[in-house]
Every structure is written in structure tokens, then in C-alpha cells.
Amino acid sequence: MATTAVERKLLIAGEWVETGEWIEVRSPYDGGLVGRVAEGGAAETGRALDAAEHAMQDPLPAYERAAILDRVAALLAERLGEAARTISAEAGKPMKAARVEASRAVSTYTMAAVEARKLSGDTIPMDASPAGAGKLAFTLRHPIGIVGAISPFNFPLNLVAHKVAPALAAGCAVVLKPASQTPLSALLLAELETDAGLPAGWLNVVCGPASEIGDVLVADERVKLITFTGSAGVGWKLRERASRKRVNLELGNATPVIVAADADLDDATSRLAANAFSFAGQSCISVQRIYVEREAYDAFLQGFLARVEALKIGDPADEDTDVGPLIAPSERDRILEWLEEATDAGAEVLAGGALEGELLRPTVIAGAPPDAKVSCEEVFGPVCTVTPYDTLDDALALANGTRYGLQAGIFTADVKAALRAARELEFGGVTVNEAPTFRADQMPYGGIKDSGNTREGPAYAVREMTEERLVVLQL
Ligand code: NAP
């Protein structure tokens with residue numbers, strides 16, 4: 001059930017701005033009105049960029065930026081319950097997962113404050129070459145300029161935090177466009193930023209039509225970096241169009257995990273059942289493809305299916321719900337079509353595969369061919385495939401059989417197998433004896449291939465959001 005509807009405005013130049021137009025935010029669970037936000041467009045984005053430009057003319061020293069980030073962390077920690085309820089209401093995320101996201105956003109701010117305090121350059125060993133002898137050189141880290149940030153619906157608080165907090169740590173002003181389905185969490189965070197004493201113009205939030213706002217961010221030369229998290233199609237097009245800017249992309253995945261026969265099966269089934277279906281699979285690193293060594297396949301399935309059947313489906317506002325709705329009915333229909341494609345090609349549904357009320361039950365399928373969409377594209381729903389394998393070579397080839405490369409995992413007791421997987425899985429991150437859905441906010445997180453071109457995590461994002469400036473002194 002939705003909480004009382006709230007109303008929020010855009011944040012531009014330190015003012016909460018109405019436009020006369022509103023975007024309604026409705027619960028993905030029951031369609032109830034969660035809130036409404038002012039709708040902006042190209043004009044508001046232009047004003048937000050003016051404000052950001054103006055703010056950056058009066059740089060904030062690192063100690064002030066760090067103190068503000070620490071205060072945001074403290075304010076968010078005080079309002080964790082409200083933040084989690086906002087995430088849950090607008091994204092349809094079960095409260096259990098929404099609370100985890102809100103707590104993680106506190107960590108993201110805390111880590112960003114650390115990065116603001118230690119932002120520094122390098123000393124260059126100039127006398128290491130004859131050309132440099134007699135000189136002293138060092139680099140300064142300089143803010144890259146205005147950051148345009150575009151965030152997705154599925155982590156509407158913490159993925160905004162992963163863009164805004166490092167940008168402020170780096171000394172960059174931000175124009176943020178949150179996902180239209182989930183702007184309330186972003187605007188709550190913006191309120192905390194202003195409460196924490198962030199001066200006007202350093203953070204501006206514009207909600208509205210994506211392509212119109214995106215076009216301004218792409219075209220305006222004052223935007224030096226666009227940080228985008230979302231789908232691969234939108235992300236790579238943005239990058240093509242903004243060829244003179246740094247465009248950092250955090251995109252999708254079709255997350256594989258290998259379970260060797262020597263793995264602790266009880267532990268593996270527990271972690272994988274939770275991480276294939278949490279938030280109905282709508283995480284970029286939701287477990288999607290499970291490859292199990294043939295001699296352990298039956299035992300794995302027995303434990304795994306029992307855990308999947310025990311997941312509680314229902315209202316995301318209930319504290320004991322594990323699996324809630326998809327973000328939109330059209331997504332549910334798309335996934336049902338993908339399931340039909342797989343079953344038409346011979347796949348067998350071992351669990352779920354059908355609706356419970358309006359919700360898609362957690363679904364496990366076996367025998368899906370490698371070229372079925374559920375096997376190689378990003379499902380982004382409560383569906384995973386299970387497939388037996390005979391050799392680690394086979395498992396690695398199957399896991400790599402996707403255009404994506406964000407995170408992958410292996411469960412095994414064999415260190416050599418684990419290290420081989422770490423080397424040969426073509427992904428930005430590999431987890432061992434942990435679901436590849438794992439993320440702690442200080443990690444370098446990001447993908448290769450179609451999954452993106454950067455690493456997030458405050459320490460890494462701050463590097464992206466700063467330029468190295470070389471200073472050479474003749475001694
Ligand atoms: P999406 O449809 O690509 O939207 C993401 C953001 O881009 C939204 O704010 C959206 O605005 C905006 N957008 C859409 N079209 C645009 C355009 N032409 N120009 C500029 N902005 C545009 O993705 P989503 O459905 O929200 O998120 C799911 C995807 O994100 C999945 O593929 C998932 O794997 C990926 N993801 C990746 C990571 C990661 O860290 N690698 C993390 C989370 C999610 P509107 O909402 O107004 O359309």
C-alpha cells in the first residue's frame with residue numbers, strides 16, 4: 001500500500017521550483033498515487049546548468065565538501081525509515097531490500113567524504129629520465145566541470161548517491177535527472193543536501209522528459225561529464241552523441257554463476273535463491289544464469305527449488321515480503337513472452353512461470369537453449385535458468401556467452417578453479433563463494449563489453465570526475 005502522497009518540486013539554484021506541470025508517481029504494486037513532482041524540460045535544465053556554472057565559480061574547499069557529505073550521511077541515517085518507505089512506495093521494492101539500499105546510501109556518502117579529504121595528485125619521478133633531470137613535477141586533481149547525472153529506477157536513492165556524492169567530493173556541481181518512475185527518493189536526497197548546508201547551485205534536480213533533458217545535457221558544452229546508469233541501448237547512444245565529453249556508463253548484465261560440485265551447496269542455494277529474486281530480479285547484477293556441475297545438479301536443484309518456493313510474494317510495503325511487482329505491467333508481459341520463447345524451444349519450467357494475482361512468481365527454468373533471450377539477454381525480472389555442465393571449460397564458455405560483462409560468480413572449494421574463473425570470466429567483477437549480486441559501495445563496480453566503460457564507487461568515480469593537471473618546476 002502506498003504511503004500518503006507527497007509533493008516535491010525541482011531544485012534549481014537552491015530554490016524549490018514549480019513549473020505548473022506535474023508528473024504523477026504511482027505505485028507499481030497497486031497503481032495508488034504515491035506522490036507528484038514538478039515537471040521540467042529544456043528551459044529548466046538550461047537554468048540548472050547556469051546555476052551549476054555559477055556555483056563552480058566559487059569553489060568549495062575540500063574540508064567543506066567533506067563536512068557537507070558527512071552531514072548528508074548523518075541526516076540520511078536519521079531518516080532511514082522514511083527513505084526506505086519512499087524507495088519501496090515508488091519503485092515497488094520490498095521493504096527489506098529498500099532498507100538495505102537506504103543504509104548503503106549512508107555508506108556511499110561516508111566514503112565520498114573520505115575521498116574529498118584525500119583527493120590529491122602524484123609526484124612524478126622526474127630524474128628517472130635524462131629529459132626530466134633537474135625538474136620537479138607533480139599533478140593536481142582538478143574538478144572536471146559540471147556533471148550531468150542520469151539515474152535509473154531500480155536503486156533510486158543509492159545510485160543517485162553514487163553520482164552526486166563523488167561529484168561533490170571532486171568539487172563538481174551536478175545537474176541530476178532521476179528516472180521518471182522514481183524521482184521522490186532523489187528529491188528527498190536533494191532536501192538532505194540542502195539541509196546539510198550545500199550552497200545553491202551545487203546540486204540541481206530536474207525531472208521530466210528524458211530525451212529533452214538528455215538532449216540539453218549532451219548539447220551544452222558546459223557539461224564536461226555525463227554519468228549514466230540505465231539500459232545499454234540508451235547509454236551507448238548517449239555516448240555516441242556526446243563524443244567530446246566523458247560519458248561514464250553503468251549498464252546491464254545477464255549475470256552468470258558457476259556452482260562446482262565441491263561447493264557448499266547449502267550456502268550456494270541460500271545465497272542464489274535470495275539474489276535471483278530480490279526486488280523481482282530488477283537489479284543489474286541479479287543472478288540470472290546458474291551453471292551447475294552435473295554430478296551436483298540434482299542435489300543443487302532440490303535445495304534451490306525448495307528455497308525459491310519459500311519466498312514470500314506480495315505487497316512490497318510488508319516487512320516480510322521477498323518478491324514484489326515489476327516496475328510496469330509491460331515489463332511483466334515482455335518477460336512472459338521471453339519465457340514462452342524459451343519453452344517453445346524446449347525449456348522446462350521448474351518453478352513459477354505464472355502469475356500470482358498481478359505478480360510474476362519467481363521462475364526457474366531448465367533446458368533453455370543458449371541463444372534464447374533468457375540465456376543471453378538481460379531478463380531484469382524474477383527469472384533464472386539452471387543448466388548442468390561437465391567441465392570448467394564448458395562452464396566458463398557458457399558464462400561468457402553474452403554481450404554483457406558486469407559481474408559473475410563461482411562457488412567452489414578449489415582455489416585454483418576460483419582463480420581460473422577470476423581470470424577467464426569476461427566481467428568487471430568476479431565473486432567467489434558469494435552471489436555475483438554482491439556489492440559494497442566502496443568497491444570498484446562496473447562492467448566491460450556492453451555493460452559499460454567505467455567503475456563506480458566513490459574513490460573510482462572521483463578519479464573520473466577530476467582531471468590531472470601537471471605542474472613542472474625547473475629547479
Ligand atoms: P533506462 O530506461 O535506460 O533509464 C535510465 C535513465 O535514463 C532514466 O532516468 C531515464 O529517464 C533516462 N533516459 C531514458 N531515455 C533517455 C534519453 N534518450 N536520453 C537521456 N536519458 C534517457 O533504464 P531503467 O529501466 O531505468 O533501468 C534499468 C537498466 O539499468 C537495466 O538495464 C539495468 O541493468 C541497468 N542498471 C545498471 C546498473 C549498473 O550499475 N551497471 C545499476 C542499475 C541499473 P525516464 O525514466 O524519464 O525514461
Side-chain angles (χ1 to χ4, degrees), residues 23-25 28 37 39-42 45 90-93 101 104 108 148-163 175-186 205-219 223 226-242 245 247-255 279-288 326-328 330-331 334 377-381 402-407 427-429 436-439 441 443-457 460-461:
I23 301 171
E24 284 191 344
V25 179
V37 297
E39 179 174 8
T45 311
E90 66 178 354
K93 182 174 285 193
E101 180 180 346
R104 281 185 44 198
T108 305
I150 302 177
S151 57
F153 76 83
N154 64 338
F155 285 83
L157 189 79
N158 195 34
L159 289 183
V160 169
H162 267 290
K163 301 191 175 315
V175 175
L176 167 72
K177 185 238 159 302
S180 296
Q181 172 62 41
T182 56
L184 296 170
S185 305
V205 186
V206 184
C207 308
S211 53
E212 187 176 326
I213 297 171
D215 285 353
V216 177
L217 295 178
V218 165
V223 178
I226 294 179
T227 167
F228 174 88
T229 301
S231 55
V234 175
W236 288 111
K237 272 202 195 90
L238 269 178
R239 183 161 182 269
E240 266 171 40
R241 291 168 54 217
K245 300 183 198 298
V247 180
N248 291 347
L249 301 175
E250 290 282 2
L251 310 172
N253 201 29
T255 311
F279 193 28
Q282 296 168 112
S283 158
C284 45
I285 40 176
S286 187
V287 169
Q288 180 179 326
L326 288 159
I327 195 71
S330 55
E331 284 298 287
R334 171 185 62 78
E377 292 296 328
E378 180 181 42
V379 174
F380 220 56
T402 170
R403 65 190 174 107
Y404 290 113
L406 186 48
Q407 284 201 160
F427 291 80
T437 320
F438 176 79
R439 182 179 182 188
D441 296 281
M443 284 167 34
Y445 177 76
I448 57 173
K449 295 161 71 178
D450 277 7
S451 292
N453 61 356
T454 188
R455 296 293 178 272
E456 268 187 0
Y460 308 91

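Since the model is a prediction, treat every value here as computed from it, not as a measurement. One-based numbering, in listed order, for ligands and for the atoms of each.
Remark: ligand 1 atoms within the under-4.0 Å shell around heavy atoms of Ala210 are 11 (O), 12 (C), 13 (N), 14 (C), 15 (N), 16 (C), 19 (N), 20 (C), 21 (N), 22 (C), 45 (P), 47 (O), 48 (O). The contact set between ligand 1 and Ala179, taken as ligand atoms under 4.0 Å from a residue heavy atom, comprises 8 (C), 9 (O), 46 (O). Which parts of ligand 1 touch Thr229 is read off a 4.0 Å heavy-atom cut-off, strictly below it: atoms 5 (C), 36 (N), 37 (C), 38 (C), 39 (C), 40 (O), 42 (C), 43 (C), 44 (C). Atoms of ligand 1 lying under 4.0 Å from any heavy atom of Phe380, numbered from 1 in the order shown and given with element: 28 (C), 31 (C), 33 (C), 34 (O).
Here's the thing with Phe153: one of its N/O atoms is less than 3.5 angstrom from an N/O atom of ligand 1. In terms of polar-atom proximity, defined here as any N/O pair under 3.5 Å, Ser211 makes no such contact with ligand 1.
Contact annotation for Leu217 and ligand 1: no heavy atom of the residue comes within less than 4.0 Å of the ligand. Residue Ile150 touches ligand 1 through its side chain alone, judged by heavy-atom distances below 4.0 Å. With a 4.0 Å cut-off on non-hydrogen atoms, Leu159 touches ligand 1 through its side chain and not its backbone.
Side-chain contact check for Thr402 and Lys449: no donor-acceptor pair (N or O, by modelled atom type) lies under 3.5 Å.
For Gly452, the closest heavy-atom approach to ligand 1 does not fall below 4.0 Å. Within the 4.0 Å heavy-atom shell around ligand 1 one does not find Cys207.
Annotation: side-chain hydrogen bond (donor to acceptor under 3.5 Å, both in side chains) contacts of Asp450 (sequence neighbours excluded): Arg403. For the side-chain hydrogen bond (donor to acceptor under 3.5 Å, both in side chains) test, no residue two or more places apart in sequence or in another chain qualifies with Glu39.
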